[in-house]
Protein chains: 2
Amino acid sequence: MTRQTSSPVYRQIAADIRAAITRGDYPPGSRIPHTELELAQRYNVSRATVRQGLTALVNEGLIYVPARSSGYQVRSINKMVLRPQAEWREQPETPAMDRFMTDHADRKADQAIAVEIVAPPPDVAEQLRLAPGELTVLRRRTRSLDDQPFNINDSYFPYAIAKDSALMDPSDIALGTSEILLEQGFRMDHALDTIEARMPTPEEVERLKISAGIPVMIYRFTGFTADDQPIRHTVNVLPGNLHIVAFERKRNWPNGDGKLEDEA
Amino acid sequence: MTRQTSSPVYRQIAADIRAAITRGDYPPGSRIPHTELELAQRYNVSRATVRQGLTALVNEGLIYVPARSSGYQVRSINKMVLRPQAEWREQPETPAMDRFMTDHADRKADQAIAVEIVAPPPDVAEQLRLAPGELTVLRRRTRSLDDQPFNINDSYFPYAIAKDSALMDPSDIALGTSEILLEQGFRMDHALDTIEARMPTPEEVERLKISAGIPVMIYRFTGFTADDQPIRHTVNVLPGNLHIVAFERKRNWPNGDGKLEDEA
DNA sequence: CAGTGGTCTAGACCACTCG
DNA sequence: GAGTGGTCTAGACCACTGT
């Protein structure tokens, strides 16, 4: 309600509602107690202007419209911890850490797997250091929790390595895909993880049912043999409102020179 | 131009322009060769409808308006690799990897530092396992490159640990803040890194000059002593269009059981 | 069926940039 | 000064949800 120095009306409306949410007046999951029409009357502006303000908040990921005609609702946050290192450690270092799809026994986990032979996208080809025209085996997984799509997990393998292996089988690989690679004579020795964030593409919005104002994290994983040959590249698309990625580091790991710094 | 099955006009407009960009018709950095008015005539709709479509693309981070009357422009991507592990390794494992503010000698790097004594936000208090009411020393850094704000780096230290140290000095600490902690008798032994993504708050938009459609990554770093006492917590806010975070892992690091898995 | 948000029109005036 | 995007109005009709 408090108007500041000559900012557009729609921003003021957004700021007021944002403040109310931050203050706790409208708790997560609750409905915003005013309709567009009410707000238009209250601020004495047109509905279009109110809408512009509300749309801004939607694009911040702060509120959303769950279903047509049910009003604007404050988004609640419930993130799952993703722990790339969890798989190759005997037990968790930090007690508070979760492991994916393990401590959510009450929820119905599921995944859809499809296998294709494809020409890799340029970035994948570069990571795998493939010659132009070289093909890859792509294992696409869409994972769900309670029938809600949760993340996308696309693993690319050089065709030469994967062609006659169990990687071509579009069913869950209980052993882990690294075991299959090992059977083929490729032992994974080290890995590179990268994470970036952007807004989702329309395809991702479709596939993951991402609503407006939610970014995605792109978490990439490249696996190498001891002589630094890349043998796999995995691209994870993680809706930002559902995931946290966590890593651990220890001073006495090899290659450390004793310093453990916060820089950057 | 190709209309699909009964989707709103503004989405069609957005889809057409998105396709043209993806196809390479409008390369990164170039201007979209149509004004709002032209598009309105071309699609035979009102300017408001065209605007709705363009706004959608802006909120995807695909296009933006550099200055008031200069038209819509395709965003170009130029990301910097952030490598938390770089500081405690003698030399980079992977040749392709960068190190922050080191290989950009042609650019003017800068940072503004401020030190405050504050009550920590709840999440920081929890990470540092502080009792209610316990204070922290907060070192706020805003880093710039070519006078463009680049990221925010806020480090919290328990007041009891930092109070009489050089951490209170709001100037660059050449040695590294860990060295200061060591002088105080706290040797950092291991660390926890977490990364998540969301849309920026208005304060972050202001401080980092983030434009619409750009998410931020929140990269947190918590440092512990050998007996698992948390002695520092750093919160980095990284605009999604500028940063990639990278980690490396090796099979023969301690705690590894020989498996190195891709499972998200 | 009333209420709510989703889409759209046909205008208007303003602020800023560029030639 | 012409062109461009930024803000805003006062309507309209539609699609869907809930009671």
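In what follows, chains are A, B, ... by sequence order, proteins preceding strands, each numbered from 1.
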Distance, rounded to the nearest Å, where Arg31(A) contributes CZ and dG5(C) contributes P
6 Å

Whole angstroms only, please: what is the NE2-C1' distance between His34(B) and dG5(D)?
17 Å

Parallel, tilted or perpendicular: ring planes of Tyr156(A) versus His233(A), cut at 30 and 60 degrees
tilted

Output yes when at least one side-chain N/O atom of Tyr64(B) is less than 4.0 Å from OP1 or OP2 of dG5(D), else no.
no

When rounded to whole Å, the CD1 to C1' distance for the pair Ile13(A) and dT7(D) reads 12 Å

Rounded to the nearest Å, what distance is computed from the CD atom of residue Gln52(A) to the C1' atom of nucleotide dG5(D)?
12 Å

Can you check whether Val118(B) reaches Leu135(B) side chain to side chain, under 4.5 Å on heavy atoms?
no

So does Thr49(B) get a side-chain nitrogen or oxygen closer than 4.0 Å to the phosphate oxygens (OP1/OP2) of dT9(C)?
yes

Any side-chain N or O of Arg51(A) less than 4.0 Å from the OP1 or OP2 oxygen of dG6(C)?
yes

Have a look at the helix from dC1(C)-dG18(D) to dC18(C)-dG1(D) and give the angle its two end axes make, five pairs each, rounded to 10 degrees.
10°

When you get a sec, tell me which of dT4(C), dT7(D), dG6(D) is the closest nucleotide to the side chain of Val65(B)?
dG6(D)

Base, sugar-phosphate, or nothing: which does Thr35(A) touch, judged by heavy atoms less than 4.0 Å apart?
sugar-phosphate

Kindly determine whether Arg198(A) and Glu204(A) satisfy salt bridge (Lys or Arg N to Asp or Glu O under 4.0 Å), including the steps that lead there.
CA-CA 11 Å; Arg198(A) 56 164 170 75; Glu204(A) 290 161 352; 2.9 Å; yes

For the pair made of CD in Glu36(B) and C1' in dT4(D), what is the distance, rounded to whole Å?
8 Å

Ile63(A) CD1 - dT4(C) P separation (whole Å):
16 Å

Report yes or no: is there a donor-acceptor pair, N or O only, under 3.5 Å between the side chain of Ser69(B) and the base of dG3(D)?
yes

Extract from the structure each pairing of a protein N or O with an N or O of nucleotides 10-14 of chain C at less than 3.5 Å, listing the distance.
| residue | atom | partner | partner atom | Å |
| --- | --- | --- | --- | --- |
| dA12(C) | N6 | Arg47(B) | NH2 | 3.2 |

In this structure, how many angstroms lie between the P atom of dG3(D) and the CD1 atom of Ile32(B), rounded?
21 Å

